[in-house]
Amino acid sequence: MSVVLEIDGLEVRTRGGQRLLRGVSLSVETGETHGLVGESGAGKSMIGKAVAGILPRGVTVTDGSIRLDGQDLLALGRTKRRRLVGERVAIIPQDPLTALNPCRRIGGQITDRLIHILGWDAKRARLRAAELLEEVAIRDPARVLNAYPHEISGGMRQRVLIAAAFAAEPALIIADEPTTALDVTVQKQVLRLIGDLQARHGTALLFVTHDMGVVAKLCPSLTVLYAGHVVDQGKAARIFGPAPHPYARALIAATPRYDRPEESLLPVPQDVIDALDREVAQADGAHG
Amino acid sequence: MVRLWLSGGWLAILVLAAIFAPWIAPHDPLAQDLFLERLPPVWIDGAEPGYYLGTDSLGRDVLSRMIYGARIALIVAVLAGGAAALIGSTLGLLAGFYGGWTDRIVGRIIDIWMSFPPVLFAILLVAVLGTGLHSVILAIAIIDWTRFARVIRAETMAQSRMDYVASAVVIGRSRLGTLAAEVLPNVLPTLLVLFSLEMGIAVIVEAILSFVNLSISSDDPTWGGMIAEGRTQIHFAPWVLVVPMVALFLTVLSFSQFGEGLKDRIDPVLR
Amino acid sequence: MQNAILRLLTTLVTLFGVAVVVFVVIRLAPGDPIAMMLPPGASEDDIARLRANYGLDRSVPAQFGIWLSGVVQGDFGTSISLRQDVGSLVLGRLPATLELAGLALILAILLGTTLAVIGTLRRQRMAESAVDLWNGMMLSIPDFLWGLIFIVLLGVVVPLFPISGRIDPSLNPDYATNFLLLESLVRLDFRVTADLLSHMFLPALALALPLSAVIAQVLKQSLKEVMHLDYVVLARAKGFTEITVLFREALRNAVLPTLTLVGVQFTFLIGGTVIVEKLFSYEGLGNLAIDAVINRDLPLIQGIVLLFAVLFIATNLIVDLTYAALNPRLRHG
C-alpha cells in the first residue's frame, strides 16, 4: 500500500495571526479510511480545505507540508496545484443544498471535471456519470442528469454529490461532514453508500466528522483534534479500547446513540478541557 | 475628506462668481463685436489682451458669459433642487409617517413617475409649459421630486419605528408635531445629501434644455447655450465649446462628489 | 398562458393610459401650432381652414377619438411641420435609434462585466478601489457630458471618429430597410458596416458609460456574494482556474439580480438617445423628437412619445423573459 496523502507539521493561520491548526501531521494510504474528529471549531475542516486549496479568504498555510502522491502541494504554483488537486482529489461537501449550482443541470456538474480536467470525451463522461448514479442507487439516471438541483430531493442531491466525487476515480476523497445536514435515516444510508463505494473503488478517504459513532463504524484509524492540535492519533481499536485519551473518551460519551436516543449526552468535562488547554499552551511554548 | 474640500472649493468659487458676476466679469456677456469674433484664449497665438478665454462667433467674451452662466446654473440648481426637495420630502415624510393609504398612493405615484425616462419627460414637459427659466425649474421639480420622496419615505419609516417617536406620541404630542419635531431633524442629513446630488442633476438638465434651445432665449448666457453655439464652431473655435463644457463637468462632478462625501461623513448607514 | 394574457391586457391598458395622458397634456400646451405654419398676415379664414384640416377645431375628447381610431388602423396622423405621415416618419427613424441603443447596450454590458470581473478576480485593495473610483466617475457624469467630452477629445483633439451624422453621405447605401447596420452585415457590405460603426461609436459609448457603471457595481456586489457559495468553492477544488470558475459557476447566478436593474436603466438609456442623437446630429427618433417639440408639432410628438412608451414596455417584457430563461427555477411552471 502506498501513501496517498501525507501532512507534516501543518500550521494554518488567519490574517490576524490566530492559529487554526498547530502543527498537524497525518497520513492516509490507498484504500484506507482515516477519520478526523473534534468538536466544531477544532480545525478539522481546515485540514481538508488546506489540502484542496480552498481555505477561506484571509486564511493561509503558514508552515508544514502537504504531499499528495509524494508531490509537495505547497511548493506548486496556484494553477498547477489546483490542476493536480482537481485530478487526484474529490470532495463530498457538507450541505447538499448549497453544493450544487442551481443554474446548471446535474449532468454537467458531474461531468465537467471528467471532461475539462481529465480530458474525457463528452459521451464517455456522460455514460460514466449515469453508471455512477446507478451505483448510488438512483433509479432513473437519465432523468436526474437532465434535472436541475431544485427538482430533486435533498437526500438525492447528496447521493449525486457522492457519485460526482467517485466518478473521476480520484486517489483521495475528502468527506467534510457529509451527513450532518441530513436526517438520521438518510444519514445511515449515505454512510453505508460511502463505505461501499470506497471499498469497491479502493479510494483513500479522509472522513471529517464530529460524530464518534460514525467514526467507530467507518474509520479503522483516526486523528482527534482539539483547538487545531492533534490530541490523539492511531488505530480506532486502541482509541475506542479500554484506555483512550481522556478527551476522546469524553467525545465518545458525548455521542448520541441511535439505539438509546433518550440517554442524556454528557458534555466534555471541564477538567479535561483544562488539561487540554495546558497541553496546547505547552506545545505552543515549545514551538516558540 | 479630500473630495469634500475639492468639490466644496469649486462650488464656493462658483457661488462667489455668480454673486459678484457684474464686478468680476471683464466684459458685458451680451456685448457683440464682430471685429473681435472667434478670438482664441490668451495662451494661443492671436489672442487679444483682456479676452482671457477668447470670444465666440459673435465676438462675445467667453469668460464673461461663463461667469454669468454660473448665475443661471446656480439659480436653477437651488430653486429646482429646493422645489423638488420640498415636494418630495413632504410627500415622503407623510407617506413614511402615516403609512396605510397615504403610503400606498404616494408609492404608486412614485412608481409610475420613475418608469418614465427623465430626459424625455423633461423635454415633453417643457413642450407643454413653454420655454423659459421658470418652466425649466418647474419641469425639474415635477420630474425629480420622486428621488426625495423615495428615500425620505424609507428613512421616515425606519425612524418612526424608533422608541423616541413612540414615546413622544405617548407624552401627548400631536402626530404632526411629532413628525416635525422628532422625525424631521433625523432625516435632515439625508435630505441635505439628496439636495446636493439633485442640484448637480438640475444643472445638467438646464444645460441640456438650453442646449436644445428649450430653456431661456439663446442670447442669454447659459452654459448649455454656449455649448450649442460651440458645437457648431467646433472646428474653428473649439474653446467656445470646451470652456462651458469644463465648467459644467466640474460643477456636476462637484455636486455629486460633495453629496457622496457628505453621505460618507454623516451617515454610514445610507451607503 | 393565463399569465401571458393578463400581461398583454395590462400592457394594452398601460399604453392606452399613456396615450390619454400624452394627448391631454399636449393639448394643454400654450401656443398655436397652426400660427407657426402660416406666413405672417394670413387671413382668419386661412387659419380656420387649416385648423379644420388638422381636426383642431373639435373638442379634445373628439380629437382623441379621431386620433385613436386612426391609430388602431395604423394611421398616426400627419406631421404639421414636416407635412408627412407620422407613422412612416417615426418608423423610418426607429431603426437608427434601435441600432444606436443596441450598440450602446452591448458596449455597456461588455464594459460593465469586464470591470466587475476584474474587481472580483483581483483582490488587491488597489484594483478594487480603482474600479470603485472609475465607477463613481461614470455614475456622476451623465451621457450628455460624456458625449461632449468625446466630441472634443476623440473628434477634434485626436480626430479618430466622425462626430456627426449616421453615415458618410458619399456611401449612400441603397438598402431596403433603415436598419442600415444589420442590413450591411447581412449583405456582407463591410465598408458600410465600418463607416456606420465609426459614426455610432462615440454616441453609443457616451450612452454606455453610465449604464456600464451601474452594471459593474451591481454585478460586482452579487459576484462577491456568489463567489464564496459552496458550489463555487467546490468548483475550485475540481481543478478549474479562477476565471473558469467565475464564468462557468458564478456569473450566471450573479447576473440575475443585475438583470432587472439593467432593464430599468436601459429605458433610461433609450431616453438618453434623445439628447445624444441631437449632440451627434444622428438621424434618429430623438433628433426628430426635439425638432417636433421645438416646432410644436402635436401629432408628431404624440406618435413619438407613444413609440417610446412601446419601447419601454417591450424592454421590460424582454427583461422578464430573459430572467425566466436564465433562472431554471422559474422555467417550468
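The shown structure was predicted, so the numbers you read here are calculated from the model rather than taken from an experiment.
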Side-chain donor/acceptor pairs under 3.5 Å, residues 199-213 of chain C, sequence neighbours excluded:
residue	atom	partner	partner atom	Å
C:His199	ND1	C:Asp195	O	3.0
C:Ser212	OG	C:Leu209	O	2.7

Kindly indicate, with the supporting measurements, whether the criterion side-chain contact (heavy atoms from CB on, under 4.5 Å) is fulfilled by C:Ser140 and B:Glu260.
CA-CA 10 Å; C:Ser140 49; B:Glu260 297 289 334; over 6 Å; no
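Qualifying ring pair (Phe, Tyr, Trp, His ring centres under 6.0 Å) partners for C:Phe76, counting only residues two or more places apart in sequence or in other chains: none.
With values rounded to the nearest 0.5 angstrom, C:Lys278 atom NZ is found 13.5 Å from B:Ile208 atom CD1. Between the CZ atom in B:Phe211 and the CD1 atom in C:Ile275 there is a gap of 6.0 Å [rounded to 0.5 Å]. Taken from CG in C:Leu139 to OG in B:Ser256, the straight-line distance is 9.0 Å, to the nearest 0.5 Å. A distance of 5.0 Å separates CD1 of C:Ile149 from CE of B:Met245, quoted to the nearest 0.5 Å. Summarising the geometry, atom CG belonging to B:Leu253 is positioned 9.5 Å from atom CG belonging to C:Leu145; distances are rounded to the nearest 0.5 Å.
Of the atoms belonging to B:Ile227, it is side-chain heavy atoms, and not backbone ones, that fall under 4.5 Å from chain C. Looking at C:Leu148, the atoms closer than 4.5 Å to chain B (heavy atoms on both sides) sit in the backbone and in the side chain alike. For chain B, no part of C:Ile270 is nearby; none of its heavy atoms comes within less than 4.5 Å. Both the backbone and the side chain of C:Leu279 have a heavy atom closer than 4.5 Å to some heavy atom of chain B. With a 4.5 angstrom heavy-atom cutoff, B:Leu241 touches chain C only via side-chain atoms. Neither the backbone nor the side chain of C:Thr273 comes within less than 4.5 Å of any heavy atom in chain B. Contact annotation for C:Val157: neither backbone nor side-chain heavy atoms come within less than 4.5 Å of a heavy atom of chain B.
Within 6.0 Å of the CZ atom in B:Arg71, the count of heavy atoms belonging to other residues, nucleotides or ligands exceeds 12. The number of heavy atoms from other shown groups lying within 6.0 Å of CH2 (B:Trp10) is above 12.
In plain terms, the two heavy atoms of B:Arg231 and C:Phe280 that are nearest each other are NH2-CA, 4.0 Å. Shortest non-hydrogen contact noted between C:Ile163 and B:His235 is CD1-NE2, 4.0 Å.
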